[in-house]
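Report on the following structure.
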Amino acid sequence: KIPPLRERAQDIEALIKHYSPLLNERKLSREAKQYLINYPFPGNVRELMNLLEVLGMGEGEVSLEELKETLKQYEIFPGKQDEIVEKIWERIKAGGNFWEHVWDPFIAREIKRSEVKEIITRAFRQSEWSLKDAAKLMGIKEGEYKKFLIYLKRYNLHPKDR
């Protein structure tokens, strides 16, 4: 197992260098680079890559101010449980899917079991407790129902299992 990026600050500089093509020839200021080295990266390497790609859309050197503003706009899951659940739910409603917005962050320990259960419960409530409708609401394809059921059972996440 590879520890999360927040536990490997020593790797961040090498990762920035490796993914520097995403910056489209932009350079990070010394302050911006140092800030990234100390940033906890709740989204792990994927968050770093997405961040560099967004920064690559600008021009000139990336300042600390630009970096902080970009991080604020693209933070993955800041806030309290209710806020986290609401942000994830909005992403799913906007066409996202359960695997990307719930399962991946849960497996990466970015969100808690209680948050996942709240999201799943919300989908079940809105679908009048129909598994197929709840799954559809969360962007789960018909061929993924069995995988979804296994996930619910393995982590004791079915809303009726209280």
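What you are looking at is a predicted structure, and each value in this text was computed from that prediction instead of being measured. Index from 1, following the sequence.
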Criterion side chain to side chain contact (heavy atoms under 4.5 Å, CB included) on L5 and Y39, from CA distance to verdict: CA-CA 9 Å; L5 190 53; Y39 185 74; over 6 Å; no

Can you tell me how far the NZ atom of K27 sits from the CD atom of E61, to the nearest 0.5 Å? 10.0 Å

Atom pair CD1 (I92) and NZ (K87), whose distance is rounded to the nearest 0.5 Å: 15.0 Å

With under 30° as parallel and over 60° as perpendicular, where do the rings of F148 and Y151 fit, or are they tilted in between? parallel

side-chain hydrogen bond (donor to acceptor under 3.5 Å, both in side chains) between E118 and W89: does it pass, once the steps are laid out? CA-CA 10 Å; E118 180 56 38; W89 188 249; over 6 Å; no

Any side-chain heavy atom of Y19 within less than 4.5 Å of one from V45? yes

Show your reasoning for whether side chain to side chain contact (heavy atoms under 4.5 Å, CB included) applies to L55 and N24. CA-CA 9 Å; L55 291 170; N24 291 324; over 6 Å; no

Any donor-acceptor N/O pair, E115 side chain to K112 backbone, under 3.5 Å: yes

Which pair of heavy atoms, one from R26 and one from V62, lies closest together, and at what distance? CZ-CG2, 3.6 Å

Spatial distance of atom CG (L52) from atom CD (E47) [nearest 0.5 Å]: 10.5 Å

Can you tell me how far CZ of F98 sits from CD1 of I88, rounded to the nearest 0.5 angstrom? 10.0 Å

Drop me the distance from E69's CD to S63's OG, to the nearest 0.5 angstrom. 10.0 Å

Rounded to the nearest 0.5 Å, how far does CZ of F124 lie from CG of L131? 5.0 Å

What heavy-atom pair brings L64 and S29 nearest, and what distance separates the two atoms? N-OG, 3.8 Å

Salt-bridge criterion met for R122 and E86 (N-O under 4.0 Å): yes

On a heavy-atom basis, which atom in V116 and which in V102 lie closest, and how many Å separate them? CG1-CG1, 3.7 Å

E13, CD atom: more than 12 neighbouring heavy atoms under 6.0 Å: no

Taking every heavy atom of K33 against every heavy atom of I16, the minimum-distance pair comes out as CG-CD1, 4.4 Å

D133 side-chain N/O to W129 backbone N/O, donor-acceptor pair under 3.5 Å: no

Test L67 against L36 for side chain to side chain contact (heavy atoms under 4.5 Å, CB included), laying out the working first. CA-CA 9 Å; L67 173 64; L36 283 179; 3.8 Å; yes

List the atom of I37, the atom of I12, and the distance in Å for their closest heavy-atom pair. O-CD1, 3.5 Å

Check ion pair K93-E90 (N to O, under 4.0 angstrom): yes

Within a reach of under 6.0 Å around CD of E128, are more than 12 heavy atoms found that belong to other residues, nucleotides or ligands? no

Just checking, K141 and W99: is the charged tip under 6.0 Å from the six-membered ring centre and within 45° of the axis? no

G139 and N97: which non-hydrogen atoms are nearest, and at how many Å? O-CB, 3.5 Å

R30/Y35 under side chain to side chain contact (heavy atoms under 4.5 Å, CB included): CA gap, chis, key distance, verdict: CA-CA 9 Å; R30 189 172 40 83; Y35 190 85; over 6 Å; no

